[in-house]
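Remarks on the structure that follows.
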Number of protein chains: 2
Amino acid sequence: MTPTFNHSMDMLIRKLDSIAQLSDEERRAIASLPVTGRLLGPDQDIVHEHDHPSQCCLLLDGWACRYQILSEGKRQIFSFHIPGDIPDLQSLHLKVMDHNVCTLTQATVAFIPHEAMLELTAAFPAIAATLWRDTLVDGAIFRQWMVGMGRRTACQAVAHLFCEMYVKLEAVGLARDHAYYLPLTQSELGDALGLSNVHVNRVLRELRTNEWITLHGGKLEIKKWRELTNLCGFDPTYLHLERHAA
Amino acid sequence: MTPTFNHSMDMLIRKLDSIAQLSDEERRAIASLPVTGRLLGPDQDIVHEHDHPSQCCLLLDGWACRYQILSEGKRQIFSFHIPGDIPDLQSLHLKVMDHNVCTLTQATVAFIPHEAMLELTAAFPAIAATLWRDTLVDGAIFRQWMVGMGRRTACQAVAHLFCEMYVKLEAVGLARDHAYYLPLTQSELGDALGLSNVHVNRVLRELRTNEWITLHGGKLEIKKWRELTNLCGFDPTYLHLERHAA
DNA sequence: CGGCATTTTGAGTCGTCTCAATGATGGTGG
DNA sequence: CCACCATCATTGAGACGACTCAAAATGCCG
C-alpha cells in the first residue's frame, strides 16, 4: 500500500500493455489495487502445491518459477517468471494449486487479494479479458516448451528458451541488444528442459564454441540472433505480443 | 441451429458442469447459442496455424487434437480432445492461431461465432469465469504433459496419458469401468509424448505383458487401475474436476 | 481378394544419462 | 584479509534408453 508499491504497479501495467491495449481509466483502476509488498530471498516458496490461495502474487523484481517435484525426487520446472508476471494468476479460478511457485533470485513481490482482483475484473471486462489473455499466452508458452522437450534437440531447446526469455524481457523493457542477465543455474535450466545438468553444460559449450552466444557471470549475450533463431526455429508469434508506443 | 445441434449443446453443458456449477438460467443461455453443425471425416484440419478465426469449434462427437509441424517435418501433438471440448476456445482472446486443430476420427463439430460467445460471457460473468477456468485446466494438462516428456520414463508417460484420458472421458459420461475406446495410432501417441512410434509399440507391449492393460481393436482396458496410477504417479488434482450429481 | 495403413520385430546407432572427480566462484567467519 | 566451505561448472567414462532403418506380420476396408 506504500507509494513505492503502488508505483510498482507500473510493472504490471507495462506487462499488460505488451499484450493488449488499456485505457487510462483501466490503468488507474489497476494502479489503485490494494497490494501488500514483500521482499523475498532466493529459492523461497511463494505458493505450495495443494494450497488454496486467497491472493495472487505479482512479481515486481527478480525471477521466479513454477515447478513440481515427482515422487522419485525429480523436478520439472514449468515456467520462468520475470517482473510484471503474475505466476499464480490461475489461482483466481482454480481453487487448488497443482504446482509450486518459488523465487529463483532475491525478489520483490506484491500480493493482491483475490477479492480485489475479482472486483476489478467485474468492473472492467476489458481487464478481465486481458488477464484471461495473459493466462492463454501462458498456455502457448507451455506448448512451445512441450515442443522443445518432445521434438527439438537439446541444443535447439536451450536456444529456444534463450530467445523466448529475451523477447519477454525486451517486451517489458528489461533487456535490449540481444543481451540480458540470466540468473539460472545449469540444473535449473535442465529441470526446465527435461535435461540433466551435465548435458546442459555440454550444450552450452557447443553454443559458445559456435559463437552463437556468450555467457559468463550470469550475463547472456546472443551474438548471432538470426542464426540462433534459425537453428531452433524460434517464431515469436506464440507470445502474442502487441507492440504499443511507450 | 437444428434441434439436433441445440440438443447437442448438452455435451458442452455436461462438460462445464464437470468443472463448475451452472444455474438453470446459464444452462438455457448456453443451450440457445447459435451454432452451425458439421460432420467431418478423420484427419481433417479444422483450424490452421496463422488463421484469424471468427468462431470457436465445439466438439460434439469424435476425437480431435491440436498440433504443430516443425521445419524438419516432425510433429508435436499438444492435446487430445473429446466431446464437450472447445479446442480453440483460446481464439476468443488470441487473434492468431499458433497451432493447428484437426480431427482424429470422424467427428461432429458445432461452430459458434465469437460474437455470440462474447455476448454470452458479457451477460453471464459466471459463464465467462467457467470458460476461463476451462482454459486454465487446459494449461494444467499441458504442464502434466511437460512432466511426462521431461521427467517420466516412456512407460510412465504412456500410462499417465491413459489415466488422464480415462478420467476426462468418465467425467462427461463417455467411459466407465476403467475402459474406453482409444482411437489413436501408435504414431499419434508418439507425437503426443515425444516418442517414436516404434518405441510406443514396445512400451505398449510392456504394459500388456505386465497385465496393466489390454488394448485391441482400439478398445483400451485398464486392468489394474491402482497399480497403473501408482506406476506413473497419476494424481487427478490437476484436472480440477468438480463432481456434481447428474 | 487386393491394397494400404498400422503394428510388430530385429539390429545397430546415437543422444543423453549417471556416477564420479576436478576446477572455479563467491560468501562467511575467525 | 585470508582460509574455508558450499555451490556451481566442467570434464571423463561407461551405461542405457530411445532412435532410425528396414522388413515382416497383421488388420481393415472397399
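Here the structure is a predicted model, which means the values were calculated and not measured. Just so it is clear, the values below take in all heavy atoms, side chains as well, and ignore hydrogens, waters and symmetry mates.
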For the residue pair [Y] / [X], report whether a side-chain donor-acceptor contact shorter than 3.5 Å exists.
X        : Y        : answer
A:His52  : A:Ser54  : no
A:Glu164 : A:Trp145 : yes
B:Asn201 : B:Gln186 : yes
B:Asp177 : B:Tyr166 : no

Look at all strands and tell whether [X] reaches a base, only sugar-phosphate, or nothing, counting heavy atoms closer than 4.0 Å.
X        : value
B:Gly190 : nothing
B:Gly218 : nothing
A:Arg202 : base
B:Leu204 : nothing
B:Thr185 : sugar-phosphate

Does a nitrogen or oxygen in the side chain of B:Arg152 sit under 4.0 Å from OP1 or OP2 of D:dA18?
no

For a quick test of reading the model: is some side-chain N or O of A:Asn201 closer than 4.0 Å to OP1 or OP2 of D:dA9?
no

Let me spell it out: for each of B:Asp43 and B:Val198, pick the nucleotide of DNA chain C with the closest heavy atom. Which residue's pick is nearer the 5' end?
B:Asp43

Walking DNA chain D from its 5' end, the first of A:Asn197 and A:Arg151 to be reached, judged by nearest nucleotide, is A:Asn197

A:His199 atom NE2 is separated from C:dC19 atom C1', nearest whole Å, by 17 Å

Atom CG of A:Leu189 to atom C1' of D:dT10: distance rounded to whole Å?
15 Å

